[in-house]
Visitor: 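Attaching a single structure in structure tokens format; questions to follow.
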Amino acid sequence: MTRPKAQSVRQGHGSTVPKFRPNAEATIAPDAPNTLDAYGTRLWYELWHAGRSAYQTGTDFLVIERYCQLQSRRRSFLAVLEEEGWTVPGSTGLSMVSHPCAKLVDSIESKLVALEDRLGLNPSARYSLGISAAEHTSKLSAFLERQGGN
């Protein structure tokens with residue numbers, strides 16, 4: 001049986017949680033990409049503003065662009081589902097099946113969860129990234145509350 005090493009001779013990391021270091025200066029939102037519609041563009045600027053002390057334009061640009069595109073697609077598919085319903089007649093017309101947009105919304109939402117984790121847009125993601133509630137801006141919280149239903 002081995003004995004534990006004295007603390008003075010131990011090697012390795014004391015913690016697996018990374019140390020969060022906010023940007024020294026607030027990041028200014030880059031211009032929205034032309035791949036975004038009006039909703040995605042508004043979301044783009046809100047997200048950059050909310051995470052201005054955490055996001056880097058060089059590394060987070062494409063992730064945030066993808067997140068905004070997926071949110072725009074989700075919103076448009078939900079509008080179709082509200083108009084046409086969540087079920088449609090099947091190929092024989094005898095039974096009802098899920099609307100194709102419902103499956104697309106489900107797929108998009110699973111991708112959004114992964115991106116939300118990467119961007120620190122939920123409490124557990126902020127914890128795993130090492131961002132404490134005190135370091136987290138209230139504007140990001142307000143942003144997440146506004147996005148709750150859309």
Side-chain angles (χ1 to χ4, degrees), residues 11-150:
Q11 296 177 348
H13 301 290
S15 172
T16 57
V17 178
K19 176 80 173 140
F20 175 72
R21 293 182 184 93
N23 296 334
E25 293 182 22
T27 302
I28 297 172
D31 291 335
N34 59 4
T35 58
L36 300 177
D37 61 7
Y39 177 77
T41 299
R42 182 175 59 88
L43 191 60
W44 170 269
Y45 287 112
E46 285 182 11
L47 194 56
W48 276 102
H49 181 70
R52 68 185 176 275
S53 63
Y55 300 148
Q56 300 290 326
T57 52
T59 57
D60 299 326
F61 187 94
L62 294 175
V63 175
I64 294 173
E65 177 185 16
R66 187 177 322 123
Y67 179 80
C68 294
Q69 287 171 337
L70 288 171
Q71 283 287 11
S72 291
R73 285 185 208 148
R74 178 181 176 271
R75 185 172 190 243
S76 62
F77 289 144
L78 287 173
V80 169
L81 290 170
E82 284 297 316
E83 185 178 315
E84 299 178 9
W86 286 77
T87 57
V88 294
S91 60
T92 62
L94 300 175
S95 62
M96 299 297 281
V97 297
S98 292
H99 194 291
C101 284
K103 294 174 185 174
L104 294 171
V105 167
D106 187 50
S107 172
I108 287 172
E109 287 177 345
S110 66
K111 292 174 185 170
L112 285 172
V113 168
L115 289 174
E116 288 165 357
D117 287 345
R118 288 188 181 108
L119 294 171
L121 297 180
N122 61 52
S124 64
R126 286 190 294 276
Y127 177 77
S128 69
L129 291 172
I131 305 171
S132 72
E135 294 167 329
H136 188 12
T137 64
S138 61
K139 291 192 179 211
L140 185 53
S141 297
F143 164 76
L144 292 173
E145 286 176 9
R146 285 194 308 273
Q147 297 307 314
N150 287 332

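Atoms considered below: every heavy atom in the structure, side chains included; atoms not considered: hydrogens, waters and symmetry mates.
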Visitor: Aromatic contact between Phe61 and Trp44, with the criterion being ring centroids under 6.0 Å apart: yes or no?
Guide: yes
Visitor: So, for Ile28 and Thr57, which heavy atoms are closest and what is the spacing to 0.1 Å?
Guide: O-CG2, 4.0 Å
Visitor: Could you check whether any side-chain heavy atom of Tyr67 comes within less than 4.5 Å of a side-chain heavy atom of Glu116, counting everything from C-beta outward?
Guide: yes
Visitor: Could you list the residues that satisfy side chain to side chain donor-acceptor pair (under 3.5 Å) with Thr87, not counting sequence neighbours?
Guide: none
Visitor: To the nearest 0.5 angstrom, please state how far the SG atom of Cys68 sits from the CD atom of Glu46.
Guide: 9.5 Å
Visitor: Please step through side chain to side chain contact (heavy atoms under 4.5 Å, CB included) for the pair Leu43 and Leu36, ending with a clear verdict.
Guide: CA-CA 9 Å; Leu43 191 60; Leu36 300 177; over 6 Å; no
Visitor: Can you sort out the partners of Tyr45 under ring-ring contact (aromatic ring centres under 6.0 Å, His included), two or more places apart, ordered by chain and number?
Guide: none
Visitor: Tell me, please, which residues at least two apart from Ser72 pass side chain to side chain donor-acceptor pair (under 3.5 Å).
Guide: Asp37
Visitor: Could you give me the CA-CA distance, side-chain angles and deciding distance for Asn122 and Val113, then say whether side chain to side chain contact (heavy atoms under 4.5 Å, CB included) is met?
Guide: CA-CA 9 Å; Asn122 61 52; Val113 168; 5.8 Å; no
Visitor: Taking C-beta and beyond as the side chain, do Tyr55 and Val63 meet within less than 4.5 Å on heavy atoms?
Guide: no
Visitor: Test: ring pair (Phe, Tyr, Trp, His ring centres under 6.0 Å). Region: residues 76-118. Which pairs qualify, not counting sequence neighbours?
Guide: none
Visitor: Which atom pairs, one a donor and one an acceptor, fall under 3.5 Å between side chains of residues 100-110 and the rest of the protein, sequence neighbours left out?
Guide:
from   : atom 1 : to     : atom 2 : distance (Å)
Glu109 : OE2    : Arg74  : NE     : 2.8
Glu109 : OE2    : Arg74  : NH2    : 3.1
Ser110 : OG     : Ser107 : O      : 2.7

Visitor: To the nearest 0.5 Å, what is the distance between CD (Glu65) and CG (Leu115)?
Guide: 11.5 Å
Visitor: Roughly how far, to the nearest 0.5 Å, is the CZ atom of Arg73 from the CD atom of Gln69?
Guide: 5.5 Å
Visitor: For residues 88-98, which side-chain N or O atoms pair as donor and acceptor with protein atoms under 3.5 Å away, sequence neighbours left out?
Guide:
from  : atom 1 : to    : atom 2 : distance (Å)
Thr92 : OG1    : Leu94 : N      : 3.3

